Amino acid sequence: MGGMTDDDPQGHGGGIGPAEWLAMNRTGSFDWDLDTGTIDVDASGLLVFGMTPETFDGRPASLVARLDPAERLRLDQVVRAAVTGGDTSYSTHFPIPQDDGTPHWTHVLARILRGADGRAHRIVGAVRDTTAEVSHAAFVAQLEKRREMQTSIVERTTHALSRAVTVDDVTAALTGPGGLARLGADGLALGLVENGSLNVIALSGDSLDVLDGLRTRRLDRGLPLAEAVLSGRPRFVSSFASLGRDFPELAPYLGRLPFQAACYLPLVAQARSLGGMALFYRGRTAFTADERNLALGLAAIVAQSLQRAILFDEERELATGLQETMLPRRIPEITGGEIAVRYHAAWSGRQVGGDWYDVIALPRGRVGIVVGDVQGHDTHAAAIMGQLRIALRAYAGEGHAPSTVLARASRFLAELDTKRFATCTYAQVDLMSGTVRAVRAGHLGPLIRHTDGRVGQPKLRGGMPLGLATVFGDEEFPETRLDLVPGETLVLCTDGLVEQPGTDIEAGLAALSEAVSSGPPQAEALADHLSERLWERWGSGDDVALLVLRRSPDPGTPRAPRIHQYIHQADPQGLSDARAAVGQALRDWGMPELADDTELLTGELLVNVLLHTEGGAVLTLEVLPEPVRRVRLSVQDRSSAWPRRRTPGEAATSGRGLLLLDALASRWGVEPRGEGKAVWCEIGPAPVGAGGPAPGG
C-alpha cells in the first residue's frame, strides 16, 4: 500500500488510475457517433463484450454479433425507442454468450447527446459485466423460494392438523385430497405403536399398496420405520438399493416402488414414542440440511396432533362406554309393531350427557316408551340419568297412568337433592287398538308420520321438568290421547337432534319433519336415515337419543285390500286428503264405479266427527271378499254419543247425514269401540236378504 506521489494527482495509490479501476471491476466506456455510425469502445468495454481491440472494427453490429438474434432485436428496440422518443438516457440488461457457452450478463447505462434541434448525435455511456450480481440475485431468489416453500409446507400442514380431533381425522388430513402436496412428498406411511407392535394405519401414494402385507408386525429392527421408532433417530435414505442391503425383508418390495429417496422419522411427543412416519420422494437423491430440518419439524407437528387425537379417542371411548352401560342393554320385542332406538354421544371428549331412551313392557300387552334428558354434560348427569331411568321404569311397570309415572319420577329426582332437573316425554302405547296416551315434562313432543308420508306435530299439553315440578309444587302432567292407525310411525327424540347454538329450534323441527317424511317407512331404516341426515349435520355438539315406533301396517290381502288413515281435528286439509285417498284407492282396486258415492259418504261421516266430537277420526276402507264385491267404510271416534236420525227442513244446513247413508249405502251401522264408537257402511250391491241399517244401527 504505497503512499501518494507527485505523479499521482488523483490520489490513487500504486499507480492505479481510473481506467485501471474500471477494468478491475469489469466496467468500460463507449462513445457512439450516430452521424458516422461508428462506436469507440475502450479495452475494458471490449472485454465485457468478449472482444479485443485487434478484432474490433468499430461497427456497432460487430459489437453485438455474439448476442442471440432475439436479444439483438430487443436491444435495438430499446435504443431506437429512446433515440426517437426524445429520451436523454436509457438502461438495459442482456446476456452475452461466451466461448464456453455460459452467458455473461451485461448492463448498459447510456446518455443521449442531442443538438439544438433535438436530434441525437452521440450516445456515451458505460458497460458493465453483472454476471456475479445476477448469479447472486438468482441464488438468493432460489434460496428465498425454497424457504417460502418450506414455510408453506409447515403452515399448511399445521392448519390441516389443527382441525383434526380424532386419530381418523389426523390420517384423513395426511392422506386425503392435497395431503401429500401439503407435506411436499410423493408417498407416506404412518404407523402407531400398540402393545409391542407397529401398526401402519395409513398408506398414501402411488404403488404403496404393495406394502399392505407389512401393515402390522412386531416392533423390531427388521424394517426401517420400526428401526427409527426403536432408536428414536431419523433415517434419511438417498438410495433404495442401500435399503435392500440393510433390510433384506424389505428388498422384494423395493423394485415395485417408484421412489428414489425416503426419510423415516420417529414420532415422539412429551418423551412418549407414539409411532413413526415415512415420507417418500420420486425426484430427490439427497437431503440438504434445510430439508432434513423440515422433515423433523413435520414429524414433530404430526406427533403433537396424534398425541391430542389419541387422548381424545381414549376419553371418548371412556365416556361412551359409561353412557352405554346406563342405557338399556336389550329392547323388548313387541307384537303389532317395530321399535328402533339410537344413541349418539357428543363429540366432546370426556363430557358425558344425560340423554336416554327406554322401552318398557307393560301389562295387557301395552308398551311404554320414553325419551329424556338430564340437565348437564358430566358424569354426575349420567349417574342421575341411570337412577332416574330405573325409577321411571319401575313406576311404569307397576301399571300406573302416564301422569302418575311422571309425578312419581319428579318426586324421586327431587329427593335425590342433586339440584338437577330432567325433561322427558313418556307414552303408553296399545298397538292392538293404536291408542297412545302421552305426557310431557318440559320436553319436545313427538312427531307422527302418516301412511301417506305426511308428518304431523300433535300438540301435547305439558308439565314442568321433572324435579322442578316437585320443588314448585306443580306435579300435574296432563295426558294427551293420540291414535296410531296401522302403518303410522311415532318419533321421539332429544333436542340434540334438532337444536344447534345460534339456530332457531323451529328450523330444526322443520328439518326433522322433512327427514321423517322423506325417509323409509321401516323403523330401523328410518332411524338410520335420521341419524345420517341430522345427527351429522348439527347434532354432534350434544348427545342425541332417538326412538322410532311404527305400528305394523294392515294392507289386507290382494282379494280384500284395506287402507287406514287418521284425520286430526285441527287439520282441515286432512278431510280433503282423506276423500282423495278413498277415491284413488277404489280406482287402484278396479272399482271406480263406487268412488263417487264412497267419497261423498267419507266426507259426511268425517265432518260429523270433526264438528261434533272433541278429537280426530280413524278412517278405514276395505274391500269385502264376497262373490259380489263391495267396500266397507268405517269412521271411528272417541265420542260415546251415537248419531240421531233427524228430519231437516228445506232450509236446514245439517241433519242429512243418516239420510245419505240410507240412500247410498247397502248397509250401515254403529258399533262400540273401546272408549268411543265406529260408524260403518257398505257401498255396492246389497247382499241377498239385507236391507236398511244393520241391527243396532
Side-chain angles (χ1 to χ4, degrees), residues 323-324 326-344 355-373 385 389-390 392-397 399 402 405 424-440 443-451 453 455-458 460 480-494 496-498 512-513 515-517 519-535 539 543-555 564 566:
Q323 181 79 16
E324 289 177 350
M326 297 188 178
L327 293 173
R329 294 182 177 273
R330 186 182 61 85
I331 298 300
E333 294 183 2
I334 60 174
T335 302
E338 51 182 317
I339 289 181
V341 293
R342 296 290 185 271
Y343 171 78
H344 294 291
D355 292 27
W356 89 94
Y357 61 80
D358 208 350
V359 180
I360 309 161
L362 300 177
R364 301 191 300 277
R366 296 169 299 153
V367 62
I369 56 175
V370 61
V371 163
D373 181 8
M385 178 273 289
R389 184 183 72 81
I390 294 173
L392 193 148
R393 166 179 279 266
Y395 298 142
V405 170
C424 78
T425 294
Y426 170 68
Q428 289 183 0
V429 183
D430 185 344
L431 289 171
M432 293 300 294
S433 65
T435 301
V436 179
R437 300 168 62 191
V439 288
R440 186 169 62 88
H443 200 75
L444 296 173
L447 299 181
I448 294 181
R449 169 176 162 149
H450 305 299
T451 54
V455 175
Q457 299 182 25
L460 260 66
T480 300
R481 172 172 166 167
L482 307 173
D483 290 284
L484 281 183
V485 303
E488 287 190 331
T489 301
L490 193 69
V491 177
L492 301 177
C493 69
T494 54
L497 195 63
V498 297
L512 175 60
S513 297
V516 171
S517 177
Q522 297 80 10
E524 287 287 344
L526 181 58
D528 288 338
H529 174 76
L530 297 179
S531 297
E532 294 168 1
R533 286 281 300 275
L534 297 178
W535 182 73
D543 291 358
V544 173
L546 171 69
L547 187 148
V548 178
L549 168 66
R550 184 192 188 207
R551 187 180 179 191
S552 297
D554 180 19
H564 298 274
Y566 181 76

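Every value quoted in this text rests on a predicted model; they were computed, and no experiment measured them. One is the number of the first residue; the rest follow in order along the sequence.
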- Item | Pair Arg551 + Glu488: basic N to acidic O under 4.0 Å | no
- What are the two closest heavy atoms between Val544 and Gly496, and how far apart are they? CG2-C, 3.5 Å
- Message: Under a 3.5 Å distance rule, please check whether Ser552 uses its side chain to pair with a backbone N or O of Gly336 as donor and acceptor.
- Response: yes
- Task: Report the C-alpha separation of Ile334 and Val429 in whole Å, then their side-chain angles, then the decisive distance to 0.1 Å, and conclude whether the side chain to side chain contact (heavy atoms under 4.5 Å, CB included) test is met.
- Result: CA-CA 11 Å; Ile334 60 174; Val429 183; over 6 Å; no
- Task: Look up atom CG in Asp483 and atom OG1 in Thr435, then write down how far apart they are to the nearest 0.5 Å.
- Result: 5.5 Å
- Message: Could you check whether Asp373 and Thr494, counting side-chain N and O atoms only, form a donor-acceptor pair closer than 3.5 Å?
- Response: no
- Would you say the side-chain atoms of Arg449 pair up with the backbone N or O of Gly519, donor to acceptor, closer than 3.5 Å? yes
- Message: Regarding Arg437 and Asp430, does a basic nitrogen lie under 4.0 Å from an acidic carboxylate oxygen?
- Response: no
- Query: Out of curiosity, His443 NE2 to Leu460 CG, how far, rounded to the nearest 0.5 Å?
  - Reply: 11.5 Å
- Message: For Pro363 versus Arg366, what's the shortest heavy-atom pair and its separation?
- Response: O-NE, 3.1 Å
- Task: Answer yes if the side chains of Thr451 and His564 hold a donor-acceptor pair under 3.5 Å, and no otherwise.
- Result: no
- Applying side-chain contact (heavy atoms from CB on, under 4.5 Å) between Val516 and each of Val548, Leu447, Ile448, report the one that passes. Leu447
- Heavy-atom closest pair (Ala527 atom, Ala340 atom, distance to 0.1 Å) is CB-CB, 3.9 Å
- Query: Between atom CG of Asp355 and atom NE2 of His344, what is the distance when rounded to the nearest 0.5 Å?
  - Reply: 11.5 Å
- Item | Main-chain N/O of Leu444 paired with Thr425 side-chain donor or acceptor, under 3.5 Å | yes
- Any donor-acceptor N/O pair, His450 side chain to Tyr566 backbone, under 3.5 Å: no
